[in-house]
Amino acid sequence: MSDVSAAAVAGEQHHPWLAQLSALHHVRIYVDIAVVVVVLALTNLLAHFTTPWANVAVVPAAAIGLVWLIRHRGLGWSELGLGREHWKSGLGYALAAVGLVGAVIAVGALLPWTRPMFLNNNYATLSGALIASMIIIPLQTVIPEELAFRGVLHGALDRAWGWRGVAAAGSLLFGLWHIATSMGLTASNVGFTKILGGGVFGMVAGVVGAVLATAAAGFVFTWLRRRSGSLIAPIALHWSLNGLGALAAAMVWHLS
(Lines give C-alpha, C1' and ligand atoms only; values in the text may rest on other atoms or scores of the structure.)
Protein backbone atom coordinates (compact mmCIF):
# COMPACT_ATOMS: atom_id res chain seq x y z
CA MET A 1 0.00 0.00 0.00
CA SER A 2 1.39 3.43 -0.94
CA ASP A 3 1.97 6.21 1.59
CA VAL A 4 -0.88 8.23 0.07
CA SER A 5 -3.35 5.34 0.42
CA ALA A 6 -2.22 4.69 3.97
CA ALA A 7 -2.76 8.34 4.86
CA ALA A 8 -6.24 8.28 3.30
CA VAL A 9 -7.19 5.17 5.29
CA ALA A 10 -5.88 6.73 8.49
CA GLY A 11 -7.85 9.90 7.79
CA GLU A 12 -11.04 7.90 7.29
CA GLN A 13 -10.45 6.03 10.55
CA HIS A 14 -9.99 9.24 12.52
CA HIS A 15 -12.71 11.17 10.73
CA PRO A 16 -15.58 10.08 13.08
CA TRP A 17 -13.56 11.25 16.08
CA LEU A 18 -12.87 14.60 14.45
CA ALA A 19 -16.55 14.99 13.62
CA GLN A 20 -17.51 14.23 17.22
CA LEU A 21 -14.97 16.71 18.55
CA SER A 22 -16.29 19.37 16.17
CA ALA A 23 -19.87 18.68 17.27
CA LEU A 24 -18.89 18.91 20.95
CA HIS A 25 -17.12 22.19 20.26
CA HIS A 26 -20.26 23.64 18.68
CA VAL A 27 -22.43 22.40 21.54
CA ARG A 28 -20.06 24.06 24.00
CA ILE A 29 -20.34 27.36 22.12
CA TYR A 30 -24.14 27.24 22.20
CA VAL A 31 -24.11 26.35 25.90
CA ASP A 32 -21.92 29.41 26.53
CA ILE A 33 -24.42 31.63 24.69
CA ALA A 34 -27.36 30.14 26.61
CA VAL A 35 -25.62 30.66 29.97
CA VAL A 36 -24.81 34.29 29.14
CA VAL A 37 -28.40 35.03 28.03
CA VAL A 38 -29.91 33.37 31.12
CA VAL A 39 -27.56 35.25 33.46
CA LEU A 40 -28.42 38.55 31.75
CA ALA A 41 -32.16 37.84 32.00
CA LEU A 42 -31.93 36.97 35.71
CA THR A 43 -29.74 40.00 36.33
CA ASN A 44 -32.30 42.27 34.69
CA LEU A 45 -35.12 40.84 36.80
CA LEU A 46 -33.15 41.14 40.03
CA ALA A 47 -31.99 44.65 39.25
CA HIS A 48 -35.41 46.09 38.44
CA PHE A 49 -38.02 43.99 40.23
CA THR A 50 -36.55 43.37 43.70
CA THR A 51 -35.14 46.10 45.94
CA PRO A 52 -34.26 49.62 44.73
CA TRP A 53 -30.64 49.03 45.76
CA ALA A 54 -30.25 45.85 43.74
CA ASN A 55 -29.49 47.73 40.52
CA VAL A 56 -26.47 49.36 42.14
CA ALA A 57 -24.53 46.13 42.54
CA VAL A 58 -26.26 43.38 40.54
CA VAL A 59 -25.48 44.56 36.99
CA PRO A 60 -21.77 45.38 37.60
CA ALA A 61 -21.29 42.13 39.53
CA ALA A 62 -22.96 40.10 36.78
CA ALA A 63 -20.79 41.74 34.11
CA ILE A 64 -17.58 40.98 35.98
CA GLY A 65 -18.76 37.44 36.68
CA LEU A 66 -19.55 36.85 33.00
CA VAL A 67 -16.13 38.11 31.93
CA TRP A 68 -14.48 35.74 34.42
CA LEU A 69 -16.67 32.84 33.31
CA ILE A 70 -16.20 33.30 29.58
CA ARG A 71 -12.44 33.74 29.98
CA HIS A 72 -12.32 30.35 31.68
CA ARG A 73 -14.36 28.96 28.80
CA GLY A 74 -11.59 29.89 26.39
CA LEU A 75 -12.36 33.34 24.96
CA GLY A 76 -9.30 35.58 24.68
CA TRP A 77 -9.01 39.23 25.66
CA SER A 78 -9.14 40.31 22.01
CA GLU A 79 -12.39 38.36 21.49
CA LEU A 80 -13.81 40.33 24.42
CA GLY A 81 -12.69 43.66 22.96
CA LEU A 82 -10.11 44.14 25.71
CA GLY A 83 -6.92 43.40 23.81
CA ARG A 84 -4.17 46.02 24.10
CA GLU A 85 -3.43 45.90 20.39
CA HIS A 86 -6.72 47.72 19.67
CA TRP A 87 -6.52 50.47 22.30
CA LYS A 88 -5.26 53.11 19.87
CA SER A 89 -7.98 52.38 17.33
CA GLY A 90 -10.60 52.34 20.07
CA LEU A 91 -9.54 55.76 21.36
CA GLY A 92 -9.72 57.26 17.88
CA TYR A 93 -13.26 56.06 17.30
CA ALA A 94 -14.20 57.05 20.86
CA LEU A 95 -13.19 60.68 20.36
CA ALA A 96 -15.07 60.87 17.07
CA ALA A 97 -18.20 59.35 18.62
CA VAL A 98 -18.25 61.70 21.62
CA GLY A 99 -17.69 64.73 19.39
CA LEU A 100 -20.51 63.78 17.02
CA VAL A 101 -23.02 62.96 19.77
CA GLY A 102 -22.10 66.10 21.69
CA ALA A 103 -22.81 68.25 18.64
CA VAL A 104 -26.17 66.55 17.96
CA ILE A 105 -27.27 66.87 21.61
CA ALA A 106 -26.27 70.54 21.69
CA VAL A 107 -28.36 71.28 18.59
CA GLY A 108 -31.30 69.30 19.97
CA ALA A 109 -31.19 71.13 23.29
CA LEU A 110 -31.12 74.51 21.57
CA LEU A 111 -33.93 73.97 19.05
CA PRO A 112 -37.35 74.93 20.52
CA TRP A 113 -39.23 71.96 19.01
CA THR A 114 -36.79 69.33 20.31
CA ARG A 115 -35.92 70.96 23.63
CA PRO A 116 -38.91 69.47 25.55
CA MET A 117 -37.55 65.96 24.86
CA PHE A 118 -34.69 66.75 27.25
CA LEU A 119 -36.97 67.62 30.18
CA ASN A 120 -36.25 64.46 32.15
CA ASN A 121 -37.31 64.73 35.79
CA ASN A 122 -34.41 62.52 36.88
CA TYR A 123 -31.93 65.25 35.91
CA ALA A 124 -33.73 68.39 37.04
CA THR A 125 -30.70 69.68 38.97
CA LEU A 126 -27.19 70.28 37.65
CA SER A 127 -25.52 68.66 40.68
CA GLY A 128 -27.64 65.53 40.31
CA ALA A 129 -26.93 65.37 36.59
CA LEU A 130 -23.17 65.72 37.19
CA ILE A 131 -23.15 62.86 39.71
CA ALA A 132 -25.24 60.72 37.39
CA SER A 133 -23.18 61.54 34.31
CA MET A 134 -19.71 61.08 35.81
CA ILE A 135 -20.29 58.31 38.39
CA ILE A 136 -23.61 56.49 38.28
CA ILE A 137 -24.06 56.18 34.50
CA PRO A 138 -20.54 54.95 33.65
CA LEU A 139 -20.08 52.61 36.64
CA GLN A 140 -23.62 51.29 36.99
CA THR A 141 -24.82 51.26 33.39
CA VAL A 142 -22.37 51.93 30.55
CA ILE A 143 -19.28 49.93 31.48
CA PRO A 144 -21.15 46.87 32.87
CA GLU A 145 -23.53 46.74 29.88
CA GLU A 146 -20.71 47.06 27.35
CA LEU A 147 -18.68 44.37 29.11
CA ALA A 148 -21.70 42.07 29.06
CA PHE A 149 -23.08 42.78 25.59
CA ARG A 150 -20.24 44.03 23.38
CA GLY A 151 -17.68 42.02 25.31
CA VAL A 152 -18.95 38.64 26.54
CA LEU A 153 -22.09 38.19 24.41
CA HIS A 154 -20.35 39.59 21.31
CA GLY A 155 -17.47 37.15 21.68
CA ALA A 156 -19.73 34.15 22.25
CA LEU A 157 -22.08 34.99 19.37
CA ASP A 158 -19.20 35.68 17.03
CA ARG A 159 -17.79 32.19 17.61
CA ALA A 160 -21.16 30.64 16.81
CA TRP A 161 -22.59 32.73 13.96
CA GLY A 162 -20.07 35.38 12.99
CA TRP A 163 -20.78 39.07 12.40
CA ARG A 164 -24.38 38.64 11.20
CA GLY A 165 -25.31 36.66 14.29
CA VAL A 166 -23.69 39.24 16.55
CA ALA A 167 -25.41 42.14 14.79
CA ALA A 168 -28.88 40.55 14.77
CA ALA A 169 -29.07 38.62 18.05
CA GLY A 170 -26.87 41.00 20.04
CA SER A 171 -28.83 44.08 18.99
CA LEU A 172 -32.21 42.43 19.65
CA LEU A 173 -31.17 41.23 23.11
CA PHE A 174 -29.82 44.68 23.96
CA GLY A 175 -33.17 46.19 23.01
CA LEU A 176 -35.09 43.68 25.14
CA TRP A 177 -32.72 44.39 28.03
CA HIS A 178 -34.25 47.89 28.25
CA ILE A 179 -37.90 46.86 28.66
CA ALA A 180 -37.84 47.27 32.43
CA THR A 181 -36.04 50.61 32.43
CA SER A 182 -38.38 52.09 29.82
CA MET A 183 -41.63 51.37 31.65
CA GLY A 184 -41.56 54.78 33.33
CA LEU A 185 -40.17 56.64 30.33
CA THR A 186 -43.26 58.72 29.51
CA ALA A 187 -44.05 59.38 33.18
CA SER A 188 -40.63 60.92 33.89
CA ASN A 189 -40.21 62.87 30.64
CA VAL A 190 -42.37 65.93 30.05
CA GLY A 191 -41.80 65.95 26.28
CA PHE A 192 -42.76 62.30 25.80
CA THR A 193 -45.78 62.65 28.10
CA LYS A 194 -47.15 65.47 25.94
CA ILE A 195 -46.76 63.37 22.77
CA LEU A 196 -47.70 59.87 23.97
CA GLY A 197 -49.76 60.58 27.06
CA GLY A 198 -49.26 59.20 30.54
CA GLY A 199 -51.66 56.23 30.49
CA VAL A 200 -51.25 52.60 29.50
CA PHE A 201 -50.99 53.45 25.81
CA GLY A 202 -48.25 55.96 26.53
CA MET A 203 -46.34 53.43 28.63
CA VAL A 204 -46.61 50.69 25.98
CA ALA A 205 -45.65 53.10 23.20
CA GLY A 206 -42.70 54.28 25.28
CA VAL A 207 -41.51 50.72 25.90
CA VAL A 208 -41.81 49.71 22.23
CA GLY A 209 -40.07 52.87 21.12
CA ALA A 210 -37.30 52.42 23.67
CA VAL A 211 -36.72 48.78 22.67
CA LEU A 212 -36.48 49.71 19.00
CA ALA A 213 -34.23 52.68 19.72
CA THR A 214 -31.88 50.75 22.00
CA ALA A 215 -31.76 47.82 19.56
CA ALA A 216 -30.69 50.28 16.85
CA ALA A 217 -28.17 51.80 19.24
CA GLY A 218 -26.95 48.30 20.07
CA PHE A 219 -26.30 47.69 16.38
CA VAL A 220 -24.20 50.87 16.19
CA PHE A 221 -22.31 49.90 19.35
CA THR A 222 -21.67 46.46 17.86
CA TRP A 223 -20.45 47.98 14.59
CA LEU A 224 -18.07 50.24 16.50
CA ARG A 225 -16.83 47.28 18.53
CA ARG A 226 -16.13 45.30 15.36
CA ARG A 227 -14.69 48.25 13.46
CA SER A 228 -12.30 49.36 16.20
CA GLY A 229 -11.70 45.93 17.76
CA SER A 230 -12.02 47.54 21.19
CA LEU A 231 -14.69 48.15 23.83
CA ILE A 232 -13.36 51.68 24.30
CA ALA A 233 -15.32 52.98 21.30
CA PRO A 234 -18.79 51.63 22.20
CA ILE A 235 -18.24 52.59 25.85
CA ALA A 236 -17.53 56.17 24.78
CA LEU A 237 -20.54 56.33 22.47
CA HIS A 238 -22.82 54.73 25.07
CA TRP A 239 -21.65 57.17 27.73
CA SER A 240 -22.01 60.20 25.47
CA LEU A 241 -25.64 59.30 24.70
CA ASN A 242 -26.52 58.81 28.37
CA GLY A 243 -24.05 61.06 30.19
CA LEU A 244 -24.13 64.06 27.86
CA GLY A 245 -27.90 63.60 27.60
CA ALA A 246 -28.20 63.90 31.38
CA LEU A 247 -26.12 67.09 31.42
CA ALA A 248 -28.17 68.53 28.56
CA ALA A 249 -31.38 67.73 30.46
CA ALA A 250 -30.12 69.63 33.51
CA MET A 251 -29.15 72.61 31.37
CA VAL A 252 -32.56 72.68 29.66
CA TRP A 253 -34.34 72.53 33.03
CA HIS A 254 -32.10 75.35 34.32
CA LEU A 255 -32.76 77.56 31.27
CA SER A 256 -36.50 76.92 31.28
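Everything quoted here is computed from the prediction, not taken from an experiment.
Annotation for Pro138 and Pro144: closest pair O-CD, 3.6 Å, computed over non-hydrogen atoms. When all heavy atoms of Ala233 and Leu224 are compared, the pair lying nearest together is O-CD1, 4.0 Å. Minimum interatomic distance between Ala129 and Ala246 (heavy atoms only, all atoms of both residues): CB-O, 3.6 Å. Heavy-atom minimum distance, Thr43 versus Ala62: OG1-CB, 3.3 Å. Annotation for Ala160 and Ile29: closest pair CB-CG2, 3.5 Å, computed over non-hydrogen atoms.
In this structure, Leu111 CG and Trp113 CH2 are separated by 5.0 Å, a value rounded to the nearest 0.5 Å. One distance of note links OG of Ser240 with CD1 of Ile105; it measures 6.5 Å at 0.5 Å rounding. Atoms CG and CG, on Leu247 and Asn242 in that order, are 11.0 Å from each other to the nearest 0.5 Å. A distance of 13.5 Å separates OH of Tyr93 from CD1 of Ile232, quoted to the nearest 0.5 Å. Rounding to the nearest 0.5 Å gives a distance of 11.0 Å between CG of Leu46 and CZ of Phe49. Atoms CG and NE2, on Leu126 and His254 in that order, are 8.0 Å from each other to the nearest 0.5 Å.
Here the two rings, on Trp253 and Phe118, have centers that are 6.0 Å apart or farther. Note: Phe149 and His154 fail the aromatic proximity criterion, with ring centroids not under 6.0 Å apart.
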Run the salt bridge (charged side-chain N to carboxylate O under 4.0 Å, His left out) test on Arg225 and Glu146 for me, step by step, so that the C-alpha distance in whole Å, both residues' side-chain angles and the decisive distance to 0.1 Å come before the verdict. CA-CA 10 Å; Arg225 157 77 170 83; Glu146 291 307 311; over 6 Å; no
Show your reasoning for whether side-chain contact (heavy atoms from CB on, under 4.5 Å) applies to Val211 and His178. CA-CA 6 Å; Val211 169; His178 288 85; 5.5 Å; no
Before giving the answer on side-chain contact (heavy atoms from CB on, under 4.5 Å), spell out for Asp158 and Glu79 the whole-Å C-alpha distance, their side-chain angles and the decisive distance to 0.1 Å. CA-CA 9 Å; Asp158 189 49; Glu79 291 180 284; 5.9 Å; no
Please evaluate residues Val166 and Arg226 with respect to the criterion side-chain contact (heavy atoms from CB on, under 4.5 Å), reporting the C-alpha separation (whole Å), side-chain torsions for both, the decisive distance (0.1 Å), and the verdict. CA-CA 10 Å; Val166 174; Arg226 180 172 181 262; over 6 Å; no
Could you go through the side-chain contact (heavy atoms from CB on, under 4.5 Å) check for Trp163 and Thr222 one step at a time? CA-CA 9 Å; Trp163 159 244; Thr222 299; 3.4 Å; yes
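Taking 4.5 Å as the limit, every side-chain heavy atom of His48 sits out of range of all side-chain heavy atoms of Ile179. You'll find the side chain of Arg159 stays beyond 4.5 Å of the side chain of Arg28, heavy atoms only. A 4.5 Å side-chain heavy-atom check between Thr214 and Trp177 finds every atom pair outside the cut-off.
Of the candidates Leu69, Ile70, Val152, Val35 forms a side chain to side chain contact (heavy atoms under 4.5 Å, CB included) with just one, namely Leu69. Each of Leu82, Val59, Leu66 was checked for a side chain to side chain contact (heavy atoms under 4.5 Å, CB included) with Leu147, and the lone residue meeting it is Leu82. Of the candidates Val36, Leu40, Leu153, Leu173 forms a side chain to side chain contact (heavy atoms under 4.5 Å, CB included) with just one, namely Leu153.
A continuous path of Ile, Leu, Val, Met, Phe, Trp and Tyr side chains, each step under 4.5 Å between heavy atoms, connects Leu241 with Met134, placing both in one hydrophobic cluster. Placement of Trp68 and Ile33 within a single hydrophobic cluster is found when ILVMFWY residues are connected by side-chain heavy-atom separations under 4.5 Å, directly or transitively. Under the 4.5 Å side-chain heavy-atom criterion for Ile, Leu, Val, Met, Phe, Trp and Tyr, Val37 and Val31 are members of the same hydrophobic cluster. Side-chain heavy atoms closer than 4.5 Å link hydrophobic residues (I, L, V, M, F, W, Y) into clusters, and following such links, even through other members, never connects Leu91 to Val220. Note: the hydrophobic cluster containing Leu95 does not contain Trp87 (ILVMFWY, side chain heavy atoms under 4.5 Å, direct or indirect links).
Under a 3.5 Å cut-off, the side chain of Ser133 and the backbone N or O of Gly243 do form a donor-acceptor pair. Between the side chain of Ser171 and the main chain of Ala168, no donor-acceptor pair closer than 3.5 Å is present. The backbone N or O of His86 lies less than 3.5 Å from no partner atom in the side chain of Ser89, so there is not a single donor-acceptor pair. Checking side-chain atoms of Ser228 against main-chain N and O of Gly90 turns up no donor-acceptor pair under 3.5 Å. Not a single donor-acceptor pair under 3.5 Å links the side chain of Trp239 to the backbone N or O of Pro234.
Both tests pass for Arg71 against the ring of Trp77: distance under 6.0 Å to the centre and angle within 45° of the axis. Cation-pi check for Arg150 over Phe174 is met; the charged atom lies under 6.0 angstrom from the ring centroid and within 45 degrees of its normal.
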